[in-house]
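All ligand and atom numbering here is 1-based and tracks the order in the structure.
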Amino acid sequence: MLIDLHTHSRHSDGTQAPAELVREAARGGLHVLALTDHDVSTGWLEAGNQAQEVGITLIPGIEISCSRRGTSVHLLGYLLDPDHPQLSGELATAREHRVHRIKVMADRLESAGYPVTFRTVVDQAGEGATLGRPHLADTLVAAGRFPDRTAAFGAVLHRSSPFYVSHYAPDPVRAVELVRAAGGVAVMAHPFAGARGAIVGDEVIEEMVAAGLDGLEVDHRDHPPPAIVRAEALCRRFGLLRTGSSDYHGTGKPNRLGEHLTTPEVLDEIIARGTGALPMGAPLKHRGSARSDAQ
Ligand code: AMP
Ligand code: ZN
Ligand code: FE
Ligand code: FE
């Protein structure tokens, strides 16, 4: 049973349509895939329909960008009700601020002579996508200014770059509360991915646990061995679910689909806890599955 619970499509900063992503997952032998676009759930329907076609299960999810006094935290929310008023309001606000922020960044880059305008970034991203720095990167790559996203991030898009602008993002404790209020399962994404920037301390994770955090994404390519040990210890201490996933972004990042996986037991627990949305696509078929008989 191969289960990958963290991937992105063109509805945020992945490079494939949801259906394309699902087809690739099925071709690669995955049985269960979660679509977790940044701050948006608009890809679920297409992904779920395609999952039904190709015979895999789709766990609908999102990855919420959060901020604790300027330090970035990503929270995965599974099986939540996307129409929950407070949650959807918070996500809509974040997406609006992201648009403005990308406009300011594009203007700054353009003023400095980089081949980018806000219009070209929006065209690059596609209508309706959650706009992010990767779309600025893709625009600069398409114009021949950098070879790939990683190079563009390293040169001009990283958090201490003069071109960097932050955007509104909810506090991680508030985000956990909203995911839970929307019937979802809250899993902190790559908690110790220190190479990408500052990370929050264990005390913030403890606050998130008190607010109802369900799990930690332990197995992730941005976690070196000491990070795994530290995350495992927190899982034991707080009784948290341990997930592992690829954080696949299509051709936008080197991450390969299915490079890290989650166990069927943890998936069963996620499905048992999530009450805001149902799994989509083909029913789960494996022994001991909490809900497979009922579906
Ligand atoms: P944003 O949310 O707009 O600030 O952009 C953050 C997103 O950019 C992350 O979720 C990653 O998907 C992506 N990202 C961050 N660093 C890099 C990098 N070095 N190369 C490619 N993508 C990156
Ligand atoms: Zn991303
Ligand atoms: Fe993330
Ligand atoms: Fe991600």
Side-chain angles (χ1 to χ4, degrees), residues 4-16 18 21 33-41 43 59 61-67 70-78 91 94-106 108-109 116 118 121-122 124-125 129-141 146-161 163-170 172 175 187-191 193-199 216-217 219-223 243-257 259-260 262:
D4 186 340
L5 296 183
H6 182 168
T7 68
H8 299 270
S9 78
R10 282 184 64 83
H11 286 246
S12 63
D13 56 4
T15 59
Q16 297 160 302
L21 169 65
L33 181 79
L35 176 64
T36 53
D37 275 312
H38 297 285
D39 300 331
V40 81
S41 61
I59 302 294
I62 51 174
E63 184 177 19
I64 305 177
S65 295
C66 312
S67 173
T71 298
S72 166
V73 173
H74 285 179
L75 182 73
L76 295 161
Y78 299 112
L91 295 177
R95 291 194 305 269
E96 280 164 32
H97 283 242
R98 278 175 166 281
V99 173
H100 176 70
R101 166 267 197 150
I102 290 297
K103 183 171 188 329
V104 176
M105 287 187 73
R108 285 188 189 176
L109 284 159
V116 55
F118 178 61
V121 179
V122 171
Q124 178 70 44
T130 299
L131 281 184
R133 285 179 287 159
H135 300 116
L136 281 168
D138 290 350
T139 307
L140 292 164
V141 171
F146 295 106
D148 54 31
R149 276 189 187 178
T150 306
F153 267 84
V156 291
L157 300 176
H158 56 89
R159 288 175 69 95
S160 41
S161 157
F163 302 107
Y164 180 80
V165 177
S166 64
H167 64 85
Y168 168 76
V187 174
M188 187 180 182
H190 44 70
R196 340 170 142 209
I199 55 172
L216 292 183
E217 186 179 55
D219 301 294
H220 184 284
R221 75 152 53 204
D222 294 346
H223 281 174
T243 70
S245 296
S246 66
D247 202 356
Y248 182 66
H249 282 71
T251 55
K253 279 183 156 188
N255 310 34
R256 287 166 292 108
L257 207 49
E259 68 179 21
H260 291 288
T262 296

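Between Tyr248 and Gln16 the shortest side-chain heavy-atom distance falls below 4.5 Å. In this structure, Ser246 and His6 have side chains that are not in contact, with every pair of non-hydrogen atoms separated by 4.5 Å or more. The closest side-chain heavy-atom distance from Leu33 to Leu21 is below 4.5 Å. Using a 4.5 Å heavy-atom cutoff, the side chains of Leu76 and Ile62 are not in contact. Leu91 has its side chain within reach of Ile64: a pair of non-hydrogen atoms, C-beta onward, lies under 4.5 Å apart. In this structure the side chain of Asp39 never reaches within 4.5 angstrom of the side chain of Ser12, judged on heavy atoms.
Numbered from 1 in the order shown, with element, the atoms of ligand 1 that lie under 4.0 Å from a heavy atom of Pro134 read 5 (O), 7 (C), 8 (O), 13 (C). Near Arg101, meaning under 4.0 Å from one of its heavy atoms, ligand 1 places the atoms 1 (P), 3 (O), 4 (O). Heavy-atom proximity to Gly132, at under 4.0 Å, picks out these atoms of ligand 1: 3 (O). Each of the following atoms of ligand 1 lies closer than 4.0 Å to a heavy atom of His249: 12 (O).
When rounded to 10 degrees, the angle formed at the Fe ion (ligand 4) by OE1 (Glu63) and NE2 (His8) equals 90°. The Zn ion (ligand 2) forms the vertex of an angle spanning OD2 of Asp13 and NE2 of His38; to the nearest 10 degrees it equals 100°.
Of all the heavy atoms of His74, the ones lying under 4.0 Å from any atom of ligand 1 belong exclusively to the side chain. The proximity of Asp247 to ligand 1, defined as any non-hydrogen pair under 4.0 Å, does not occur for either the backbone or the side chain. Contacts of Arg159 with ligand 1, taken as heavy-atom pairs under 4.0 Å, are absent altogether.
At least one N, O or S atom of His6 sits under 2.8 Å from the Fe ion (ligand 4). Between the Zn ion (ligand 2) and His249 there is an N/O/S contact shorter than 2.8 Å.
Taking any N or O of Ser65, backbone or side chain, none lies under 3.5 Å from an N or O belonging to ligand 1.
Nearest to the Fe ion (ligand 4), among the N, O or S atoms that Asp247 has, is OD1.
The nearest protein atom to atom 22 (N) of ligand 1, hydrogens excluded, is given as Lys253 CE, 3.3 Å; this is a heavy-atom distance. Ranking the protein heavy atoms by distance from atom 10 (O) of ligand 1 puts His38 CE1, 3.1 Å first. Among protein heavy atoms, atom 19 (N) of ligand 1 sits closest to Phe153 CB, 3.5 Å.
Of all the listed residues (Arg133, Arg98, His8, His190), Arg98 holds the heavy atom that lies closest to atom 2 (O) of ligand 1.
Between His260 and His220, the distance from one ring center to the other does not fall under 6.0 angstrom. Taking the six-membered ring where the residue is Trp, the centroids of His223 and His190 are separated by 6.0 Å or more.
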### Task
List the steps and the verdict of side chain to side chain contact (heavy atoms under 4.5 Å, CB included) for Phe163 and Leu136.
CA-CA 11 Å; Phe163 302 107; Leu136 281 168; over 6 Å; no

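Atoms OH and CZ, from Tyr164 and Arg101 in turn, are 5.0 Å apart once rounded to the nearest 0.5 Å. Here the straight-line distance linking atom CG of Asp148 with atom NZ of Lys253 works out to 12.5 Å at 0.5 Å rounding.
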